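Written below as structure tokens is the structure these notes are about.
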Protein chains: 2
Amino acid sequence: MTSRQRAATSVTLADVAARAGVSPATVSRVLNDSYPVSASTRDRVTRAVRELKYVVNGHARALAASTSMVVGVIVNDVSDPFFSQIVRGIQTEAAHDGKLVVICNTEGEPARELSYLELLRQQRAHSVLLTGAAVDDPVHLAELAEQGRGLLAQGGRLVLCGRPRLPDVDAPAVTFANHAGASALARHLVELGHRRIAYLTGPLGRTTTAERFAGFREQLAAAGVPLAPELVLSGGFTRAAGYDNTRALLAAGAEFTALVTANDAMAFGALAALREHGIDVPDQVSVAGFDDLPFCVDSAPPLTTVRLPLTEAGALAARLAAGREPVPFGGVVTLQGELVVRRTVNRPPSQPGGQR
Amino acid sequence: MTSRQRAATSVTLADVAARAGVSPATVSRVLNDSYPVSASTRDRVTRAVRELKYVVNGHARALAASTSMVVGVIVNDVSDPFFSQIVRGIQTEAAHDGKLVVICNTEGEPARELSYLELLRQQRAHSVLLTGAAVDDPVHLAELAEQGRGLLAQGGRLVLCGRPRLPDVDAPAVTFANHAGASALARHLVELGHRRIAYLTGPLGRTTTAERFAGFREQLAAAGVPLAPELVLSGGFTRAAGYDNTRALLAAGAEFTALVTANDAMAFGALAALREHGIDVPDQVSVAGFDDLPFCVDSAPPLTTVRLPLTEAGALAARLAAGREPVPFGGVVTLQGELVVRRTVNRPPSQPGGQR
DNA sequence: CCAGGTGATGAAAGCGCTTACTGTGATGGC
DNA sequence: GCCATCACAGTAAGCGCTTTCATCACCTGG
């Protein structure tokens with residue numbers, strides 16, 4: 001209720017210096033302990049700091065020393081567990097060297113990706129981590145690369161996480177073995193006897209979508225299992241897309257004994273759609289996702305999926321950005337996924353007439 | 001592979017001025033369009049900016065104008081959907097006025113809360129939003145209040161979100177009607193005939209824990225339903241705690257027809273534990289949570305819970321912080337929850353011997 | 001007793017911007 | 001036709017720090 005008068009100016013380093021009876025330079029030296037200072041002087045300074053409740057001005061410091069505490073993270077949507085998991089990895093790592101993590105939600109819009117990058121450059125971000133939303137529109141990519149190069153030229157660091165490298169930009173990338181993961185999943189299904197497998201891809205034009213689908217498709221081909229075009233639908237990486245596309249499949253009377261979705265969120269939607277249609281998972285239809293979000297253990301039924309080391313990826317990217325980890329040869333490190341078998345996959349129901 | 005030479009210095013406003021043949025002041029004026037500039041001059045400047053690929057130095061600007069673009073958010077854990085939902089609300093709102101959101105993970109440790117607040121003060125954060133982890137240790141609270149006052153004195157703004165106000169600090173709070181929500185849940189259960197209801201509280205010493213439990217307890221009392229002490233256990237706000245405590249209840253042979261947990265994460269754990277024991281939900285035991293995380297619709301079975309407007313709370317807090325929303329009388333706005341009935345609650349099984 | 005260290009401190013020049021405060025010509029009222 | 005007015009543009013003084021360079025007292029060996 002009390003609306004206090006707002007103090008316009010705050011305590012400065014000069015004030016501390018005056019109070020301690022030393023020069024500003026000395027105060028700076030004890031603050032950063034960047035140079036030997038005698039114990040008695042140091043004491044006087046720290047006491048003055050405490051008495052005056054001095055808090056250094058980060059902007060002034062950043063300006064004078066041209067260093068920055070901020071690490072930018074550009075992400076599709078923090079509230080998506082896929083990203084929030086990565087962000088946590090980054091945050092934990094950044095905290096180690098006292099950096100501040102600013103998160104930028106692009107909501108999948110390339111334009112925002114660009115404008116956030118610009119904002120981050122204005123703040124002279126120490127480093128920025130670009131994750132998700134790897135739209136492969138060439139124009140956008142070119143602009144992104146341009147911004148990336150600008151950032152690097154300013155002395156910042158750029159690391160990609162979960163997306164491929166940018167053309168002509170010297171930035172390392174942490175990626176996932178999407179192809180291998182999807183292959184493993186496909187193999188699992190084929191080995192159990194599935195022959196008609198539906199696949200719900202992510203949004204078109206995204207690298208992740210392409211890699212996962214390719215891994216799936218190629219594995220089927222290798223096993224001699226045909227992939228029916230009418231069983232492949234695409235949509236967003238969302239639960240809603242999974243739900244809608246599964247309903248579309250069902251409405252079209254498509255026949256399949258397994259359904260693979262490009263990520264877990266879509267799988268949850270698929271499970272819901274199947275349940276509504278009274279189709280039992282896994283006895284009538286098997287379902288599998290990708291990512292292994294924490295919630296997979298609690299879905300109905302618990303979801304078979306491919307686990308991606310999300311937090312670890314974030315942490316690794318952050319370490320790369322901090323220069324605390326050597327950049328691997330070729331500039332990209334690929335993290336392997338792992339097939340996690342739970343309860344949504346079973347043998348296909350044995351049917352009277354063999355369908356293929 | 002190409003390790004380019006890192007440019008030590010970047011283009012400054014003075015460079016732009018020189019190129020455009022005007023004074024730095026003029027450049028600044030067109031950049032911020034803070035003062036009328038003739039069209040032709042403006043053109044020359046913008047052209048120079050583009051040609052030189054000039055990007056303003058945010059630190060210099062912040063120092064000179066004593067303004068800041070950063071909004072700090074102090075949170076328990078970004079990867080927890082409860083918080084990430086709030087963060088998204090904040091982020092979206094902050095993006096409106098071009099602010100950068102820095103997120104600080106305390107992992108529930110009061111010490112980090114404090115050190116992040118300090119860091120944020122160093123950065124002269126425009127505002128900070130404090131959410132979660134409302135440990136009510138008096139010493140911690142006092143230090144927090146101290147920091148909060150310091151922030152305010154520096155001209156920053158402080159808003160609490162999902163936690164009660166700080167003593168002697170003039171900061172508004174956005175809170176949830178925990179008491180009312182828990183009451184509604186209790187009433188629902190009682191009306192269906194439940195008489196032996198177990199309750200898993202959150203961590204002791206947290207306001208949220210206390211409020212939710214009080215709402216529950218008082219509603220039972222009002223309905224004349226006894227609350228058996230052996231049916232109340234407490235633990236963290238985590239799935240693991242829900243799982244463990246439910247198992248403990250079961251192991252102790254406790255008898256209950258309904259189980260209420262202080263949040264959804266715990267409820268998911270409870271459902272898993274019940275399932276492992278072959279107990280059917282909701283036919284043998286009813287379960288209810290609190291928060292209404294997005295996953296509630298996909299759990300097995302879909303969870304009956306109390307919906308909290310998380311994203312909205314974050315957005316509101318952000319608007320309050322930005323001064324874009326008037327601070328309500330009393331400084332606190334309480335957002336109501338809403339009972340969401342799904343599939344985990346049913347009438348209690350009718351038993352031969354009525355137990356109470 | 002003094003040249004040459006050595007170790008702690010101070011003076012001052014920025015870092016890149018904003019923003020009073022001053023100048024200007026060009027206008028317009030009388 | 002002259003001076004107040006106006007609309008821009010420039011000058012320069014910071015904002016609060018870091019950091020180079022100079023200073024100064026004091027010590028050590030010859």
Side-chain angles (χ1 to χ4, degrees), chain A residues 7-46 48-49 52-69 119 121-126 153-156, chain B residues 7-46 48-49 52-69 119 121-126 154-155:
Chain A
T9 75
S10 47
V11 182
T12 72
L13 181 145
D15 298 332
V16 174
R19 173 92 175 205
V22 300
S23 75
T26 301
V27 176
S28 172
R29 292 198 263 256
V30 347
L31 253 34
N32 304 307
D33 112 276
S34 52
Y35 209 80
V37 170
S38 75
S40 69
T41 310
R42 176 178 300 272
D43 272 6
R44 250 176 315 135
V45 171
T46 52
V49 165
L52 261 29
K53 298 185 181 175
Y54 171 71
V55 177
V56 323
N57 184 319
H59 294 303
R61 169 178 287 180
L63 181 57
S66 59
T67 58
S68 166
M69 299 270 75
L119 231 54
R121 285 183 61 190
Q122 290 189 5
Q123 298 304 310
R124 295 298 188 270
H126 171 274
Q154 273 175 51
Chain B
T9 74
S10 48
V11 182
T12 72
L13 181 144
D15 298 333
V16 175
R19 172 92 175 206
V22 299
S23 75
T26 302
V27 177
S28 172
R29 294 198 261 256
V30 347
L31 253 33
N32 304 308
D33 99 280
S34 52
Y35 209 78
V37 170
S38 75
S40 70
T41 310
R42 176 179 301 272
D43 272 6
R44 251 176 316 135
V45 171
T46 53
V49 165
L52 263 27
K53 297 184 181 173
Y54 170 72
V55 177
V56 322
N57 184 319
H59 295 302
R61 170 178 287 179
L63 180 58
S66 59
T67 57
S68 166
M69 300 270 73
L119 231 53
R121 285 183 60 189
Q122 290 189 5
Q123 298 304 311
R124 296 297 188 269
H126 172 275
Q154 271 175 183

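Remember, it's a predicted structure, so these values are computed and weren't measured experimentally. Letters A, B, ... mirror the listed sequences (proteins, then strands); counts begin at 1.
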State, with a plain yes or no, whether a side-chain heavy atom of [X] is found less than 4.5 Å away from one of [Y].
| X | Y | value |
| --- | --- | --- |
| S10(B) | R124(A) | yes |
| V55(A) | Q154(B) | yes |
| L31(A) | Y54(A) | yes |
| L13(A) | N57(A) | no |

The side chain of R29(B) lies closest to which of these nucleotides: dG10(D), dT19(D), dT9(C)?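 Closest of the options to the side chain of R29(B): dG10(D).
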
Among dG10(D), dC17(D), dT19(D), which nucleotide sits nearest the side chain of V56(A)?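 Selected nucleotide: dC17(D).
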
For [X] and [N], give me the distance from atom [atom1] to atom [atom2], rounded to whole Å.
| X | N | atom1 | atom2 | result |
| --- | --- | --- | --- | --- |
| R124(A) | dC15(C) | CZ | C1' | 11 Å |
| Q123(B) | dG16(D) | CD | C1' | 14 Å |
| H59(B) | dC17(C) | NE2 | P | 12 Å |
| L13(A) | dT19(D) | CG | P | 13 Å |
| N32(A) | dT20(D) | CG | P | 13 Å |
| D15(B) | dC15(C) | CG | P | 11 Å |
| L52(A) | dG16(D) | CG | C1' | 15 Å |
| L63(A) | dT18(D) | CG | P | 11 Å |

Between [X] and [N], does any side-chain N or O lie under 4.0 Å from OP1 or OP2?
| X | N | value |
| --- | --- | --- |
| S66(A) | dC15(C) | no |
| T26(A) | dG10(C) | yes |
| S34(A) | dT18(D) | no |
| T12(B) | dG16(C) | no |
| N57(A) | dC15(D) | no |
| Y54(B) | dC17(C) | yes |
| S38(A) | dT9(C) | yes |

Would a distance-only check, ignoring hydrogens and angles, find a side-chain to backbone donor-acceptor pair under 3.5 Å from D15(B) to T12(B)?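 Confirmed, D15(B) side chain pairs with T12(B) backbone.
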
Please figure out whether A64(B) or P36(B) has its closest DNA chain D nucleotide nearer the 5' end.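 Looking at the nearest nucleotide for each, P36(B) comes out on the 5' side.
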
Earlier contact from the 5' end, DNA chain D, for A65(B) and S40(B):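 Of the two residues, S40(B) wins.
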
